Amino acid sequence: MAPRGEKTPPAGRPAARPPGSRRRRRRDLPLANDASARYLPWLIAFLVFLAGLALVGGLGANRLAARWDSGLAGKLTVQVMPGQNAEETKTRVGLVLDLLTASKGVASVEVLDRKQLGALLEPWLGASAYEESLPLPMLIDVTLDPGVEGVPPGLAERLEKEIPAAHLDDHQRYLGALISFARSLQLIALAVVVLVGAATILTLIFVTRTGLSVHRQTIELLHLMGARDRYVAGQFQGNAARLALRGGLVGLVAAGLVLYALERVVQSGGAGLLPSFSPTPVDWAALLVLPPLAVAVAALTARWTVLRTLTRLP
Amino acid sequence: MAPRGEKTPPAGRPAARPPGSRRRRRRDLPLANDASARYLPWLIAFLVFLAGLALVGGLGANRLAARWDSGLAGKLTVQVMPGQNAEETKTRVGLVLDLLTASKGVASVEVLDRKQLGALLEPWLGASAYEESLPLPMLIDVTLDPGVEGVPPGLAERLEKEIPAAHLDDHQRYLGALISFARSLQLIALAVVVLVGAATILTLIFVTRTGLSVHRQTIELLHLMGARDRYVAGQFQGNAARLALRGGLVGLVAAGLVLYALERVVQSGGAGLLPSFSPTPVDWAALLVLPPLAVAVAALTARWTVLRTLTRLP
Amino acid sequence: MVRLDDVALRYGQGPEVLSGVTSHLEPGSFHFLVGQSGAGKSSFLRLLNLGQRPTRGRLMLFGRDVARLGREDRALMRRRMGVVFQDFRLIGHLTAFENVALPLHLVGERPGAIDSKVSELLSWVGLADCLDALPATLSGGQQQRVAIARAVVGRPSLLLADEPTGNVDDRIAMRLMFLFEEMHRNGTTVVVATHNETLVGRFQHPRLRLEGGTLRLVPAEAAADGTA
Amino acid sequence: MVRLDDVALRYGQGPEVLSGVTSHLEPGSFHFLVGQSGAGKSSFLRLLNLGQRPTRGRLMLFGRDVARLGREDRALMRRRMGVVFQDFRLIGHLTAFENVALPLHLVGERPGAIDSKVSELLSWVGLADCLDALPATLSGGQQQRVAIARAVVGRPSLLLADEPTGNVDDRIAMRLMFLFEEMHRNGTTVVVATHNETLVGRFQHPRLRLEGGTLRLVPAEAAADGTA
Ligand SMILES: Nc1ncnc2c1ncn2[C@@H]1O[C@H](COP(=O)(O)OP(=O)(O)OP(=O)(O)O)[C@@H](O)[C@H]1O
Ligand SMILES: Nc1ncnc2c1ncn2[C@@H]1O[C@H](COP(=O)(O)OP(=O)(O)OP(=O)(O)O)[C@@H](O)[C@H]1O
Ligand SMILES: [Mg+2]
Ligand SMILES: [Mg+2]
């Protein structure tokens, strides 16, 4: 027989210490105290900052290239040398316009006025480019029929033969390099954005794995005590989301400040090439998407990593 | 008395299994199997890649700004409208040159020839910019005395009064914006490089802390068994250096490929603005410094983090 | 409560640790699990707390075939068990109090009830002064008692204790055994794996003896005659 | 070998676990360290293996005042000790063999000698089949034996064993005690902390009894008369 007596476990005896004294419960997974809680927000901030810059840079390069490109695709320019006086110049332009409108493949023509021309040349010739007295070549914008690529055959030769003072200009030769440079920059920006995304996912997987490994014993114990997978996954997910949000906001603000400063620089000078690089409302909107995106990536990656690991437990 | 007899521990009995069968020794700290071994190289590769792009971009922007700047600091341009014929134009230019050389603060003057002018305007006017028959304004480069800032007082007024066809041009107005934009880009590039460095250090601290925390029990045990601090620190340091080297090389190659591709794009077109953005030998050298730098940062950060933690052990 | 039908267990490609164990533990029964070191006592308990799946055979717990349970059901079933692990497995960053409160939190007990139950139980095992101590600051025997308190605090239907008295002296060991006895009297099915022959001899409970991978039941009478 | 002079130990701001312990363990002596759970046995051993610094008093080891030792010297001194921790502390990713070989590697032993010494010792403690097993795949008692093998393999001058037989049955416990006896006969100073009164009673060694923070020496004769 087992010995009995006074040594019976307690039954209904009131607790020694006042109830409620220990009610504030610590989390069973102290993820918020992990080293990652100090690391992750900063790394995410850095990544969001980078993604922000790359995004706006890429969109700017895209706009620039598109502007040049759309200005050039299906377009030609014909220069007409100014004659000895305005009358002669006008006659020459009239001849060229007649020839062009009669040509196959030409949809429309437009003579650039003095102001448009001046704006084009201002950075090089200064304000005087607008002066009436400066004899400039006349420029005629030619829009080709949709589907027509390059110079319609024979056009250049006919122009040269009939009006020697006119010269056909296929911009591609000059702006092509600029456009491919802008497109390259755009590609690099895209690559940086993609890499930032990959780095975020990679980091989240690593941080989560590390958390799983640091807290492996606790997690296994919780599992054996009947905790559900989603209970554990939820803690990791929430933690990752919180840290990513914090980092994302910091990164957003940093990127916003830098871009705002850049815009001020661009606007303070009136250079013609640059405005398309400064952020537009669309850019600002794209920026605002980054922190929620970071949070979503963080939460989903953490959840997925944890659940994948937990299903290995019996 | 303690019982004795057959149950005496072994003394010199030869071992049952052939000696040497277990000689290959596993590391007592299996850092190479940690999750960080798969994460760190990729993150470092990404960071080195970024640093590489930012570095070359920053150096390019610097060169560009410096070229524009040194071209502009202490320089003015005077435009002279072409007259009805070459003779008239020449007279005007002569007058302007006389006036300029007689002015206080002017060091030297140079008339840009047709070819220089054509190169400047080619992207806008096409090849015809070189044609003799096109009447273009004459440009005179004015170099000011060292120390003279801006337009010498009275010069603009005298020019305007004496030769109305001449027009003084203070480039700062047009290129100033471009230069501050380039300087801003350079600042951003510098910021990215600095941030990459910070991110690398932060990551290394985190990864090392994590390693210390994952292997805490083993490290404490090694310590209690008489292992020296530098024995433990050495393993972390070596591991970090190896991973950083691997990542640094990958990042270097990636950055190199991208920059090489960009250079090809730039060289394939002959645009006048761009060459200074393509990497120079100095840039390539700066790139080559990045992987060893990453390795050094990684090794030192790991060592420092470990030693700092170990000294807390009794 | 627990029914094993020709159950075998091997780890990976290793030899069978348990081979063909057939047994039935009545609800409310109390068994000692004995056997040499390495005989498979912990492995047997691991089967019962769903920490390991049988390699073959059928295991019924609470009247249900565990092989047919989903993840959710297994989690719920685990909550009806209390387990004392041979290596304690306390959560290092939680105090003794919080460790013991954990099973109650998992089933959603009221905080007030948690407070009184946990404090009371920890006082009973002699740890009234250690409520706020972290496991690392407790002695081996104190940790073991926290582990035991955690296993019994939820008044589980099935209590599995693996070597629960290896780190305490005989006086405390007896005190802990009274706790198990009390649970048993209140209807809990108890299995205690132990090497402590003195302890086994003092109680009138049948033994399950693991030897060569099979389980042999030694009734209480024979056991009492034998080693005790 | 070990000399304590009014040594006290407290953890952080807690109460004194040891208060004014004065003692002298001769080289080549063998002592059992006994006392209630929580009396401070592990803490006492922790002082001796330089795992904790005394809060006050003087501790001499191997004839040197440990307070005056540099980090390097403390590391070297630790290599002359063998320690069996109450919680084993095996390295999880190393096999039983590699765990036991560790102290030999640290002092730069020849691989050939390591191989034979380790295999032999593990066979002696009954683990000839488990040389390549990772700790997690060993039973509690098997892990404890690996921990003991690791402590003795380097033939230390000072052997500190904390509850080394808590997870094994009496037969194996005796076998392990013979190992300690053998070390003792070869000149090692041995201190074994244990709750196992049966075991203590079987051997003719003086006991150090910890009670209320002080140490009392109970000579072998008195001890043998007493509980044994
Ligand atoms: N996870 C595992 N993987 C492989 N083998 C294992 C595993 N766990 C236990 N074993 C092996 O199974 C056998 C039984 O182990 P178990 O822990 O069940 O023994 P035990 O009876 O509890 O012993 P002890 O009294 O020493 O705790 C041992 O030989 C052990 O090596
Ligand atoms: N790291 C620590 N920090 C604070 N208190 C501690 C620490 N380690 C032990 N203690 C306290 O010191 C006292 C003695 O602990 P110790 O582990 O030395 O006891 P013990 O005699 O080994 O007990 P057992 O037989 O249960 O292992 C206990 O009350 C314990 O709570
Ligand atoms: Mg066991
Ligand atoms: Mg102890």
Side-chain angles (χ1 to χ4, degrees), chain A residues 34-36 38-39 42-43 46 49-50 53 77 79 81-82 120-128 131 133-135 137 167 169 171 173-178 180-181 183-185 188 191-192 195-196 198-199 202-203 205-206 209-210 213-214 258 261-262 265-266 268-271 273-274 277, chain B residues 34-36 38-39 42-43 46 49-50 53 77 79 81-82 84 120-128 131 133-135 137 167 169 173-178 180-181 183-185 188 191-192 195-196 198-199 202-203 205-206 209-210 213-214 258 261-262 265-266 268-271 273-274 277:
Chain A
D34 282 2
S36 61
R38 292 224 296 267
Y39 167 72
W42 290 112
L43 196 81
F46 173 62
F49 172 74
L50 272 183
L53 293 193
T77 304
Q79 290 173 43
M81 294 299 148
L120 217 53
L121 296 179
E122 189 191 353
W124 278 258
L125 296 183
S128 57
E131 281 171 34
S133 59
L134 181 69
H167 183 85
D169 196 0
H171 307 228
R173 265 187 19 240
Y174 310 108
L175 285 183
L178 274 177
S180 34
F181 184 69
R183 291 270 174 236
S184 304
L185 286 184
I188 291 178
V192 168
L195 285 176
V196 163
L202 196 69
T203 302
I205 290 180
F206 169 62
R209 282 252 187 92
T210 293
S213 144
V214 169
V258 166
L262 208 60
V265 166
V266 165
S268 73
L273 273 171
L274 298 179
F277 254 115
Chain B
D34 282 2
S36 61
R38 293 223 297 268
Y39 166 72
W42 290 113
L43 196 82
F46 172 63
F49 172 75
L50 272 182
L53 293 193
T77 304
Q79 290 174 42
M81 293 300 147
Q84 292 296 356
L120 216 54
L121 296 179
E122 188 189 354
W124 278 259
L125 297 183
S128 56
E131 281 170 33
S133 59
L134 182 66
H167 183 85
D169 197 1
R173 266 189 16 240
Y174 308 109
L175 285 183
L178 274 176
S180 33
F181 184 69
R183 291 269 174 236
S184 305
L185 287 184
I188 291 178
V192 168
L195 285 176
V196 163
L202 196 69
T203 302
I205 290 179
F206 169 63
R209 282 253 187 91
T210 293
S213 146
V214 169
V258 166
L262 208 60
V265 166
V266 165
S268 74
L273 273 172
L274 298 178
F277 255 115

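First the proteins, then the strands, lettered A, B, ... as listed; each starts at 1. This one's a predicted model, so the numbers in the text were calculated from it and none came from an experiment.
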(request) Name the orientation class of the two ring planes belonging to A/Phe206 and B/Phe206 (parallel below 30°, tilted from 30 to 60°, perpendicular beyond 60°). (result) perpendicular

(request) Identify the heavy atoms of A/Leu195 and B/Phe49 that sit nearest to each other, and give their distance. (result) CD1-CE2, 3.4 Å

(request) Begin from the C-alpha positions of B/Val196 and A/Phe46 and carry the test side chain to side chain contact (heavy atoms under 4.5 Å, CB included) through to its verdict. (result) CA-CA 8 Å; B/Val196 163; A/Phe46 173 62; 3.7 Å; yes

(message) Heavy-atom cut-off 4.5 Å, strictly under: side chain, backbone, both or neither for A/Ile188 against chain B?
(response) side chain

(request) Identify which of A/Ala198, A/Ala191, A/Ala35, A/Ser213 forms the greatest number of heavy-atom pairs closer than 4.5 Å to chain B. (result) A/Ala35

(message) Within this structure, what is the CH2-OG1 distance for the pair A/Trp42 and B/Thr203, rounded to the nearest 0.5 Å?
(response) 13.5 Å

(message) Is A/Ile205 in contact with chain B via its backbone, its side chain, both, or neither, using a 4.5 Å heavy-atom distance?
(response) neither

